[in-house]
Amino acid sequence: MTETNTPPPVIWYHGTKADLTVGDLIVAGKPSNFGSGAALSWVYFSATLEAAMWGAELARGNGPQRIFVVEPTGPYEDDPNLTDKKYPGNITRSYRSRDGLRIVGEVAEWTGHTSDEVARMKANVARIEAQGMGPID
């Protein structure tokens, strides 16, 4: 058997409450999942299920929490909302792109955070927004 140094493929995730399906394209210019819901010029995604879970749990709206497996369709960069601002480096493996994310699957089963954890995170997000330090677009 030959040993290789090929890294495993990256699985990209996007957490939301949006009603989407495999084949759809998540694009910039749509209302944000968070805060005021203003249109964003970026789409956000992560290489960790944990970050996508928070995205689904904190998203605006009443729809079901969903985590999609996505593929970026163009260049992307570290998400400045998290990278080196809240977490040194990019431990959440969170990214953003001006190009779309194609939905290639959905995580059917996942266990989210406790209701207390979600309530604390929502309170933190509300506090940050009240201080005028909302997300960077």
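Just so it is clear, the values below take in all heavy atoms, side chains as well, and ignore hydrogens, waters and symmetry mates. Model, not experiment: these values are computed from the prediction.
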Report yes if the side chains of Glu77 and Trp42 come closer than 4.5 Å at any heavy-atom pair, otherwise no.
-> yes
Residues passing the salt bridge (charged side-chain N to carboxylate O under 4.0 Å, His left out) test with Arg66, sequence neighbours excluded, are Asp19, Glu106
Below 6.0 angstrom between ring centroids: does that apply to Tyr76 and Trp12?
-> yes
Heavy-atom nearest pair, Tyr44 first then Leu101, reads O-CD1, 3.8 Å
Val10-Tyr13 co-clustered via ILVMFWY side chain contacts under 4.5 Å = no
Near Leu20 CG, under 6.0 Å, is it more than 12 heavy atoms from other residues, nucleotides or ligands?
-> yes
In terms of hydrophobic clusters joined by side-chain contacts under 4.5 Å, are Val22 and Val70 together?
-> yes
Exactly one of Gln65, His113, Lys17 clears side-chain hydrogen bond (donor to acceptor under 3.5 Å, both in side chains) with Glu57, and that residue is His113
Are any of the side-chain heavy atoms of Val69 and Ile11 separated by less than 4.5 Å?
-> yes
Is there a side-chain contact between Pro80 and Arg96, using heavy atoms and a 4.5 Å cut-off?
-> yes
Less than 6.0 Å separating the ring centroids of Phe45 and Phe68?
-> no
Non-hydrogen side-chain atoms of Pro75 and Asp99 separated by less than 4.5 Å = yes
Taking side chain as C-beta onward, heavy atoms only, is Arg127 less than 4.5 Å from Asn124?
-> yes
Do you know which two heavy atoms are closest between Trp110 and Ala56, and how far apart they sit?
-> CH2-CB, 4.0 Å
Just by modelled atom types, is the Val43 backbone N or O under 3.5 Å from a matching donor or acceptor in the Ser97 side chain?
-> no
One should read off an interatomic distance between Ile103 CD1 and Thr21 OG1, to the nearest 0.5 angstrom, of 7.0 Å
Group every Ile, Leu, Val, Met, Phe, Trp and Tyr by side-chain heavy-atom contacts under 4.5 Å, then state whether Val104 and Leu49 land in the same group.
-> yes
Inter-residue atom distance Ser94.OG - Glu50.CD, 0.5 Å rounding | 10.5 Å
Arg102 side chain to Gly23 backbone, donor-acceptor under 3.5 Å | yes
For the residue pair Met53 and Thr111, establish whether any side-chain heavy-atom pair is separated by less than 4.5 Å.
-> no
Considering residues at least two apart in sequence or located in another chain, which fulfil the side chain to side chain contact (heavy atoms under 4.5 Å, CB included) criterion with Thr114?
-> Asp116, Glu117
Test item: His14 and Thr16 side chains (from C-beta on) under 4.5 Å apart, heavy atoms = yes
Say you draw a straight line from CG of Leu25 to NZ of Lys30; how long is it, rounded to the nearest 0.5 Å?
-> 10.0 Å
